[in-house]
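To start, the structure under review is shown below, and the notes come after it.
Just follow the structure's listing: the first ligand is 1, and inside any ligand the first atom is 1. Quick note: residue numbers are just sequence positions, from 1.
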Amino acid sequence: MFDVWLLAQQRKGDIEDATYGLIAEARRVLAESETKGSVTAVVMGPASDTALSDLGTYGVNKVLHIFSEFMERYQGGLFAGIFYNLVKRDRPTCILMAQTAETDDLGPRLAALAETSFVRRAMDFKMDADGNARAVRPVANGHLFEEVSFDWKKAPPVVSFMPSVLFDTKPDMEEKAEVVSESPDLAPEYMKTAIVDITEAPPENLDIEEADIIVAGGRGVGKGDAFDIIHELARAIDGTVAGTRPVIDWGTLPYKRQIGQTGKYVAPRLIINCGISGANEYTAGMEKSQQVIAIDLNPRARIFRFADLGVQGDVREILPLLIARIKELKTE
Ligand SMILES: Cc1cc2nc3c(=O)[nH]c(=O)nc-3n(C[C@H](O)[C@H](O)[C@H](O)COP(=O)(O)OP(=O)(O)OC[C@H]3O[C@@H](n4cnc5c(N)ncnc54)[C@H](O)[C@@H]3O)c2cc1C
């Protein structure tokens, strides 16, 4: 029997959206293994009973909820120690996570404690009943894909998935999950370091891979000051700024804000593309976005093929009107 574990991350008690795509991946891994088994979600920190049992409607069989008053906020050493004790006790087949800043910290800690392998930013992961496991991950800025194989029977592998491969899924089951709530078996004394404060970055400056809303500008927006309008729109809708390669080459935005094959792969809830033609190398990095808006002068621009809403026109005319209207709506 397989027991596929996933980490359901929470933020201030709400289950993170990426969890639902991760559950779909866990179900796929189980189905493709052609082995009977179950999906278990591990939730560390605060979460409501309803949010936990509702994970069943997405296909989770069991939820392990670990919470105490000192788990309000993520603490690397402590969370890894607690998680490791669960793994030692329950022996899952594998542990899946969504790649985030938190799992970039937790994954290696857990893998080191469990003396197992950690694959970061996987695009695909498979296991079979004989102990074979394979993960595929991009390397060399997405120009190459590497296949990694390991034996899961030795120790449960820890795999974090790229956010862009975790699709938004809908609940498709009636059942609620069985929720087992436990107090952690480790105390804060276990911590060698403690996070005492977190300052949230303004949404405009978030890492584009973690952004929920992205406003992306291309060559059509223009250099230097002309690009300020993109920052202004991002501020108006709590979005994060990104750009195409020409914008990065100009020095208008830093490289970490480039979307595309040689930049970052993003999958926000909404992306607004302004003055972007939609070259393959760009769209490869944003095609997993959920809602796509494109504004471009050229009605034949390739970006419109990807758009749920396309606006043909000059960004210098459209964006000021759009920002003014958003501000009006906000004050109403
Ligand atoms: C190996 C390789 C890797 C690459 N990797 C990347 C990558 O990771 N990311 C990336 O972005 N590119 C990448 N590129 C470059 C890519 O091929 C395109 O050249 C680039 O994406 C084009 O950027 P753009 O859409 O901003 O510019 P353009 O293609 O020049 O498009 C500008 C658009 O703005 C519109 N426009 C002009 N003025 C206005 C206006 N006033 N209002 C509204 N619309 C206007 C035009 O109609 C046009 O559609 C790569 C290329 C190669 C060869």
Side-chain angles (χ1 to χ4, degrees), residues 99 120-121 123 136-146 162-165 204-211 213-237 239-326:
Q99 188 257 321
R120 180 177 174 268
R121 289 178 67 71
M123 301 173 68
V136 177
R137 62 179 170 195
V139 288
N141 281 330
H143 286 290
L144 300 172
F145 299 98
E146 185 176 81
M162 288 172 72
S164 54
V165 300
E204 190 190 347
N205 298 331
L206 271 184
D207 182 337
I208 59 174
E209 286 174 321
E210 294 199 10
I213 300 176
I214 291 181
V215 182
R219 204 188 325 245
V221 176
K223 295 182 186 181
D225 291 352
F227 206 83
D228 288 351
I229 194 83
I230 297 295
H231 292 274
E232 206 183 324
L233 175 58
R235 276 193 294 273
I237 58 173
T240 302
V241 172
T244 60
R245 188 152 111 175
V247 172
I248 278 57
D249 291 344
W250 290 336
T252 300
L253 287 180
Y255 172 63
K256 64 181 181 185
R257 309 223 152 261
Q258 179 182 320
I259 294 177
Q261 209 179 65
T262 49
K264 287 186 175 170
Y265 286 71
V266 298
R269 199 159 46 81
L270 170 70
I271 183 165
I272 306 182
N273 299 279
C274 308
I276 293 175
S277 61
N280 296 329
E281 295 86 357
Y282 172 76
T283 54
M286 50 65 70
E287 63 193 357
K288 300 268 168 59
S289 306
Q290 288 176 34
Q291 291 291 319
V292 178
I293 298 179
I295 308 169
D296 201 281
L297 263 185
N298 177 5
R300 299 172 64 83
R302 184 171 179 273
I303 193 70
F304 287 130
R305 293 194 214 160
F306 296 81
D308 298 288
L309 173 70
V311 183
Q312 191 239 321
D314 190 330
V315 286
R316 287 166 300 191
E317 288 169 15
I318 293 167
L319 293 185
L321 292 173
L322 179 62
I323 294 164
R325 183 71 186 122
I326 291 166

Report task. May I ask you to identify, for Pro246, whether its side chain, its backbone, both or neither come under 4.0 Å of ligand 1 on a heavy-atom basis? Result -> side chain
Requested in this report: May I ask you to identify the nearest protein heavy atom to atom 19 (O) of ligand 1, giving residue, atom name and distance to one decimal place in Å?
Outcome: Arg219 NH2, 4.5 Å
Report summary line: atom 18 (C) of ligand 1 has as its nearest protein heavy atom Ala279 CB, 3.6 Å
Query raised in the report: Looking only at heavy atoms, what is the nearest atom pair of Val311 and Ile318, with distance?
Result: CG1-CD1, 3.7 Å
Query raised in the report: At a 4.0 Å threshold, what atoms of ligand 1 neighbour a non-hydrogen atom of Ile259?
Result: 7 (C), 8 (O), 9 (N), 10 (C), 11 (O)
Requested in this report: For atom 48 (C) of ligand 1, grab the closest protein heavy atom and report residue, atom and distance to one decimal in Å.
Outcome: Asp296 OD2, 3.5 Å
Report task. Determine whether Ile272 and Ile295 make a side-chain contact, defined as any pair of heavy atoms from C-beta on separated by less than 4.5 Å. Result -> yes
Requested in this report: Just jot down the ligand 1 atoms closer than 4.0 angstrom to any heavy atom of Gln261, in number order.
Outcome: 7 (C), 8 (O)
Query raised in the report: Identify the closest protein heavy atom to atom 10 (C) of ligand 1: which residue and atom is it, and at what distance?
Result: Arg245 N, 3.4 Å
**Report entry** Student check: side-chain heavy atoms of Ser289 and Leu270 closer than 4.5 Å
**Finding:** no
**Report entry** Ala301 N/O to ligand 1 N/O under 3.5 Å
**Finding:** no
Requested in this report: Report yes if the side chains of Cys274 and Leu319 come closer than 4.5 Å at any heavy-atom pair, otherwise no.
Outcome: yes
Query raised in the report: Do you know which two heavy atoms are closest between His231 and Val241, and how far apart they sit?
Result: ND1-CG2, 3.7 Å
Report summary line: Atoms of ligand 1 under 4.0 Å from any heavy atom of Asp314, numbered from 1 in the order shown, are 40 (C), 41 (N), 42 (N)
Report summary line: When every non-hydrogen atom of Thr252 is compared with those of Lys223, the smallest separation belongs to OG1-CA, 4.1 Å
Query raised in the report: Nearest protein heavy-atom contact for atom 32 (C) of ligand 1: which residue, which atom, what distance?
Result: Gly275 O, 3.5 Å
Requested in this report: Could you check atom 36 (N) of ligand 1 against the protein and tell me its nearest heavy-atom contact, residue, atom and distance included?
Outcome: Gly220 CA, 3.5 Å
Report summary line: So the atoms of ligand 1 within less than 4.0 Å of a heavy atom of Asn298 turn out to be 47 (O)
Query raised in the report: Which ligand 1 atoms does Gly263 reach within 4.0 Å, using its non-hydrogen atoms?
Result: 8 (O)
Query raised in the report: What's the shortest heavy-atom distance between Gly278 and Thr283, and which atoms?
Result: O-CG2, 3.6 Å
Query - Residue pair Thr244 / Arg219, side-chain donor-acceptor N/O under 3.5 Å - result: no
Query raised in the report: With side chains defined as the heavy atoms from C-beta onward, is the minimum distance between Ile229 and Ile323 less than 4.5 Å?
Result: yes
Query raised in the report: Nearest protein heavy-atom contact for atom 24 (P) of ligand 1: which residue, which atom, what distance?
Result: Thr244 OG1, 3.7 Å
Requested in this report: Starting from atom 7 (C) of ligand 1, find the nearest protein heavy-atom neighbour and note its residue, name and distance.
Outcome: Gln258 NE2, 3.1 Å
Query - Atom indices of ligand 1 within 4.0 angstrom of Gly313 heavy atoms, with elements - result: 42 (N), 43 (C)
Report task. Report yes if some N/O of Gly218 lies less than 3.5 Å from some N/O of ligand 1; otherwise report no. Result -> no
Query raised in the report: Is there a side chain to side chain contact (heavy atoms under 4.5 Å, CB included) between Glu281 and Arg245 once you walk through the steps?
Result: CA-CA 9 Å; Glu281 295 86 357; Arg245 188 152 111 175; over 6 Å; no
Report task. Enumerate the atoms of ligand 1 whose separation from the nearest heavy atom of Arg316 is less than 4.0 angstrom. Result -> 41 (N)
**Report entry** Minimal non-hydrogen separation, Arg302 against Ala279, with atom names
**Finding:** NH1-C, 3.7 Å
